[in-house]
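Here's the structure we're looking at; comments come further down.
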Amino acid sequence: MKESIHLQDIWLARNRIQSYVQHTPLIFSEKLSESTGKSIYLKLENLNTTRSFKIRGATNKILSLTDEEKERGITTFSTGNFGFSVAAIAKELGIRAVICISKQVPKTKVEKLQQIGAEVQMVGKTQDDAQKYSYQLAREKGFTVIHPFDDPQVIAGQGTIGLEIIEDLPTVDTILAGLSGGGLLSGIGTFLKNTNPSIQLIGLSPENGAAMYESIQRGKPVLVKERPTLADSLLGGIGENNQYTFQLVQDYVDQIVLLNEKEIADGMVCLLKEHGLIVEGAASVGVGAILNERVRLGSNVVIVISGASVDPSIVLEMLV
Ligand SMILES: *Cc1c(COP(=O)(O)O)cnc(C)c1O
């Protein structure tokens, strides 16, 4: 039988990662609160090591491995924030990490991974090829594959965000966060819905690629056609053999809203102008949704500002 994920796993995750991952600030947004008449807060996950919340899940998973597994090494196939996080924590713990990526991945990303200290393996043309190679390394060399979202320990790590939100704002009634593979909202949902089921969880995805939304509509994991988006960290499929997040998102997420590119850009511009924050599109979707009145809000709202992997010039150019 497959494992399920409980409240307690998130408490355990918090104890495990505490000395590696900081409790991030929750700040009040004067501007958004004033314009909506609600109390709106920002959970600043962009301030984490490697600039995204992904460090939480990666750290919890890697620290849960046996000594023998750590000795043999780990591998993952994410080109984005999860890859950076796995590389960083593996380096800190002295574990060999091989990040598998396709030959199409931009050179800047490859260099960033190498700078952090990871071994990068470039294989094939697509992300799918890279993923297959990761599993091949696991079979042939005994590496452990660290899945970017569909893994109980990764989900529990992301769930520590929910725990921190409740500690800092016990009256929270609405949470907004970007939705891609669903690890983030599965984790937050597991904590919050088992603590106070009346809290509303809203997932936000770009119109230009919303695999989880489409999969839920069709009742099974499906592939979607993707177009470029400012929220590039929210692209990618959920896996046709999805084990955990497809179900958890269905159980815990109350609503999924799709945003267009202008709405995402509005969020990025507002975060820069009002809060001096340069963050990526995937982290700005909550603000974009509120500014464009796309979501119904409770009285105490938290927006998860999930990451900041963005070239600052992209955001600065939006101001002119
Ligand atoms: C990965 C990511 C998300 C979405 O997380 P999932 O667990 O894939 O749903 C949101 N924002 C940023 C910045 C990310 O890197």
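Heads up: numbering here begins at 1 and tracks the sequence. Computed from a predicted structure; not experimentally measured. Both ligands and their constituent atoms are indexed starting at 1 by order of listing.
For the pair G178 and ligand 1, the shortest N or O to N or O distance does not fall below 3.5 Å. Checked against a 3.5 angstrom limit, the closest N/O atoms of G307 and ligand 1 fall outside it. At a 3.5 angstrom cut-off on N or O pairs, F149 does not count as close to ligand 1.
The side-chain contact (heavy atoms from CB on, under 4.5 Å) with K61 is formed by just one residue from the set V154, T76, I155; it is V154.
For K38, the salt bridge (Lys or Arg N to Asp or Glu O under 4.0 Å) criterion is met by no residue, not counting sequence neighbours. Annotation: side-chain hydrogen bond (donor to acceptor under 3.5 Å, both in side chains) contacts of Q114 (sequence neighbours excluded): none.
When non-hydrogen atoms are compared, ligand 1 lies under 4.0 Å from the side chain of L234 (C-beta onward) but not from its backbone. Counting heavy atoms closer than 4.0 Å to ligand 1, residue F82 contributes nothing at all. Contact annotation for M212 and ligand 1: no heavy atom of the residue comes within less than 4.0 Å of the ligand. Contact annotation for E280 and ligand 1: only side-chain heavy atoms (C-beta onward) come within less than 4.0 Å of the ligand. Only the side chain of N81 comes within contact range of ligand 1, with a heavy atom under 4.0 Å; no backbone atom does.
Judged by distance alone, the side chains of N46 and E280 never bring a donor and an acceptor atom under 3.5 Å apart. For the residue pair Q153 and N60, a side-chain donor N or O sits within less than 3.5 Å of a side-chain acceptor on the partner. In this structure, a donor-acceptor pair under 3.5 Å is absent between the side chains of S102 and D129. Side-chain atoms of S313 and D311 form a donor-acceptor pair, as typed in the model, at a separation below 3.5 Å. The closest side-chain donor-acceptor pair between E261 and T229 falls under 3.5 angstrom.
Atoms of ligand 1 lying under 4.0 Å from any heavy atom of G181, numbered from 1 in the order shown and given with element: 6 (P), 8 (O), 9 (O). Less than 4.0 angstrom separates some heavy atom of L184 from each of these atoms of ligand 1: 5 (O), 6 (P), 7 (O). Shown in contact with G182 at under 4.0 Å from a heavy atom are these atoms of ligand 1, numbered in order with element: 6 (P), 7 (O), 8 (O), 9 (O). Applying the 4.0 Å criterion to heavy atoms of G183 picks out, from ligand 1, the atoms 6 (P), 7 (O), 9 (O). Near A282, meaning under 4.0 Å from any of its heavy atoms, are these atoms of ligand 1: 11 (N), 12 (C), 13 (C). Close approach of ligand 1 to F53 is summarised as follows: ligand atoms under 4.0 Å from at least one heavy atom of the residue are 1 (C), 2 (C), 3 (C), 5 (O), 10 (C), 11 (N), 12 (C), 14 (C).
Looking only at protein heavy atoms, the nearest one to atom 1 (C) of ligand 1 is K54 NZ, 1.4 Å. From the protein, the heavy atom lying nearest to atom 11 (N) of ligand 1 is S306 OG, 2.7 Å.
In this structure, K112 satisfies the cation-pi test against F84, with its NZ or CZ atom closer than 6.0 Å to the six-membered ring centre and inside 45 degrees of the ring normal.
A salt bridge does not link E214 with K225: every distance from a Lys NZ or Arg NE/NH1/NH2 to an Asp or Glu carboxylate oxygen is 4.0 Å or more.
Using a 4.0 angstrom heavy-atom cutoff, S52 does not count as in contact with ligand 1.
Side-chain rings of F77 and H147 approach one another, their centers coming within less than 6.0 Å.
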